[in-house]
Amino acid sequence: MSKTTPDAPAPADDQDLGAAGSQLSTAPAESLANVPGLGVVGWARWFWRQLTSMRVALLLLLLVALGAIPGSLIPQTGQDATKVADFEKAHPTLAPVYEKLGLFHVYSSVWFSAVYILLFVSLIGCIVPRTWQFVGQLRSRPPGAPKRLTRLPAYTTWRTTAEPEQVREAALALLKKRRFRSHLAGDAVSAEKGYLREVGNLAFHIALIVMLVAFAWGQLFKAEGNKLLVEGGSGFSNTLIAYDDFKSGNLFGPDDLNPFSFTLDKFQGTYEKTGPNKGTARTFQAAVTYSVGAYGKDKRDVIKVNHPLEIDDSKVYLTAHGYAPVITVRDGKGEVVFHDAVPLLPLDSNVTSSGVIKVLDGYHNAKGVLEQLGISAFFLPTYTAGSETASTFPALNNPVLNLAPYHGDLGVNSGIPQSVYQMDKTHMKEFKDSKGAQLRENLEPGETMTLPDGAGSVTYEGTKQWANFQITQQPGSGWALTGAIAAIFGLAASLFIQRRRVWVRAVKGADGVTVVEMAGLGRSESAKVPEELGDLAGILYDRAPGAPEDPDTPDPEVVPAEGAEK
């Protein structure tokens with residue numbers, strides 16, 4: 001039995017292979033396109049061929065990837081309008097250029113949408129004909145053997161005393177056992193294997209379309225908002241007015257919000273107490289009570305980091321936490337004009353926090369004049385003597401609240417929006433202590449600051465915790481995940497599975513001895529085809545052993561393919 005030759009590419013002038021070497025894939029044949037004739041139809045056909053070519057599809061995919069770079073590096077209006085405003089202030093010359101190019105809203109810009117749609121059309125235009133062609137190949141039989149099997153890249157031959165019919169039957173049974181699609185065509189057995197390669201290739205492209213559709217669907221109908229809740233306080237109902245901030249896709253409407261509500265019962269956070277990781281968070285979790293629909297029953301759940309609460313296609317994530325000192329403010333007559341837990345914003349990893357307590361209505365000074373109070377607050381969860389500017393641990397081990405009160409007009413009625421965590425001191429005056437300096441005191445839980453001249457008092461009652469929740473509603477995420485997984489498996493199949501064909505011919509020679517020829521052909525150069533052919537030939541040789549050799553005839557053990565080295 002002869003040895004198989006290396007899998008070398010077949011010569012370009014092998015016209016006698018015919019259908020044997022065709023349709024090993026559904027990729028369109030590369031050819032120089034003729035210059036289209038004048039007319040709308042000619043130009044339309046030329047444009048469609050260019051758009052659905054693999055070269056253009058890869059170029060469009062590259063443009064989408066390049067377009068995502070400014071979308072990731074430059075602040076986006078849909079994600080954080082505040083950062084965009086800060087960027088415009090910091091770069092007055094560059095910002096107008098970015099605005100005209102749509103770089104502040106890349107994913108909704110005209111140019112990105114155009115590339116996205118063209119890529120989508122290109123993939124569909126490429127997949128549909130290839131799928132139809134592949135279905136036709138599955139319904140047809142492998143092509144018959146070419147006349148000259150010696151012209152194929154992998155080839156072997158031997159002579160046997162077995163009858164040609166017996167050899168062909170044994171070859172047919174062997175190839176079917178190895179899961180080749182096989183049939184008898186004339187004096188040869190034709191077989192083909194590796195269709196999963198093309199299935200993987202088509203699955204990969206279809207998965208890309210699924211991901212593109214899912215991404216577009218999610219961007220158009222998505223909704224995302226944040227809500228800060230204090231434990232034991234008022235709850236949240238999934239309506240637009242209940243959000244602290246909210247953004248959505250172009251086709252999302254208020255009626256698309258899922259009806260549910262929840263309250264924060266208790267927030268729990270634990271921290272590493274000793275060692276090099278002292279202060280590192282160990283657990284963050286929020287116990288909530290929620291209900292679905294207007295008349296849904298109350299249910300309890302615990303939301304943890306990366307373990308959101310899922311209600312229909314909405315997810316509630318725990319994203320941040322902090323402390324909310326409980327403050328009571330009394331006016332000069334001793335009347336309570338403010339009593340609430342005031343959330344403060346963390347400044348560092350030890351939850352050193354700051355904020356403002358604003359008393360907008362009901363406060364009268366010692367003279368009975370209606371005023372507004374603004375109190376700057378600086379909070380240390382763990383106060384240590386000698387470290388008055390920062391907390392030394394994130395837990396409430398020794399909480400201290402530093403307060404600096406002001407009185408006057410906070411400017412909330414000016415029509416200009418302002419942050420609840422900042423105070424406009426333009427029309428505010430400081431309270432002075434007995435020495436004429438600005439009044440500022442450190443309070444522990446239960447202590448009271450007395451305002452001068454009978455202007456009232458401020459009491460630090462205790463501390464609650466708050467948690468910030470991000471509520472997202474993004475349809476199509478499941479489809480996007482499915483498409484991504486399918487794309488990975490499809491790409492793996494197209495890379496590691498090779499589509500190949502094998503032919504076994506058995507005919508009577510001039511001396512009456514059966515001559516067996518086996519040849520293989522793969523879509524690309526690979527050592528797998530000759531190796532597999534050698535394995536098959538070895539098994540078939542055992543079933544149809546070689547005939548005794550005539551010493552006057554050439555040794556049939558070595559019959560290499562033309563152009564291959566012995």
- How long is the gap from CD1 on Ile311 to CG on Leu309, to the nearest 0.5 Å?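 It is 4.0 Å, given to the nearest 0.5 Å.
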- Item | Rounded distance [0.5 Å steps], CG in Leu228 versus CG in Asp244 |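 Between atom CG of Leu228 and atom CG of Asp244 there are 6.0 Å.
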In chain order, what residues pass the side chain to side chain contact (heavy atoms under 4.5 Å, CB included) check against [X], with sequence neighbours excluded?
X	result
Ile69	Leu66, Leu73
Ser108	His105
Glu447	Leu443, Glu444
Val305	Phe284

Sequence-distant partners of [X], salt bridge (Lys or Arg N to Asp or Glu O under 4.0 Å), two or more places apart:
X	answer
Asp265	Arg300
Lys266	none
Glu224	Lys247
Lys432	Glu430

- Message: Do Gln268 and Thr270 make a side-chain contact, defined as non-hydrogen atoms from C-beta onward lying under 4.5 Å apart?
- Response: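 They are in side-chain contact.
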- Please tell me if the side chains of Val288 and Phe267 come closer than 4.5 Å, counting only heavy atoms from C-beta onward.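 A side-chain contact under 4.5 Å is absent here.
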Parallel, tilted or perpendicular: which describes the rings of [X] and [Y], with under 30° parallel and over 60° perpendicular?
X	Y	value
Tyr460	Phe379	perpendicular
Phe262	Phe236	tilted
Phe246	Phe252	tilted

- Query: Taking all atoms of both residues into account, what is the closest heavy-atom pair of Gly490 and Ala203, and its distance?
  - Reply: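 The pair with the smallest heavy-atom distance is CA-CB, 4.5 Å.
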Got a list of side-chain donor-acceptor pairs under 3.5 Å for residues 314-329, not counting sequence neighbours?
unit_1 : atom_1 : unit_2 : atom_2 : d
Ser314 : OG     : Asn258 : ND2    : 2.6
Ser314 : OG     : Gln473 : OE1    : 3.3
Thr319 : OG1    : Asn468 : O      : 3.1
Thr319 : OG1    : Asn468 : ND2    : 2.9
His321 : NE2    : Tyr271 : OH     : 3.1
Tyr323 : OH     : Pro394 : O      : 2.5
Thr328 : OG1    : His339 : ND1    : 2.6
Thr328 : OG1    : Glu461 : OE2    : 2.9

- Is there any salt bridge (Lys or Arg N to Asp or Glu O under 4.0 Å) pair reaching into residues 401-429, and which pairs are they, with sequence neighbours excluded?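 Of all non-adjacent pairs touching residues 401-429, none passes salt bridge (Lys or Arg N to Asp or Glu O under 4.0 Å).
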- Task: Quick one: which residue pairs count as a salt bridge (Lys or Arg N to Asp or Glu O under 4.0 Å) with a foot in residues 341-364, not counting sequence neighbours?
- Result: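 As it turns out, there is no salt bridge (Lys or Arg N to Asp or Glu O under 4.0 Å) pair with a partner in residues 341-364 once direct neighbours are skipped.
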Which side-chain N or O atoms in residues 109-117 pair as donor and acceptor under 3.5 Å with protein atoms at least two apart or in another chain?
unit_1 : atom_1 : unit_2 : atom_2 : d
Ser109 : OG     : Val106 : O      : 2.6
Ser109 : OG     : Trp111 : NE1    : 3.2
Ser109 : OG     : Phe112 : N      : 3.4
Trp111 : NE1    : Leu101 : O      : 2.8
Ser113 : OG     : Ser109 : O      : 2.8
Tyr116 : OH     : Leu212 : O      : 2.3

- Any ion pair linking Glu335 and Arg330 (charged N to carboxylate O, less than 4.0 Å)?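 No, no charged N to carboxylate O under 4.0 Å.
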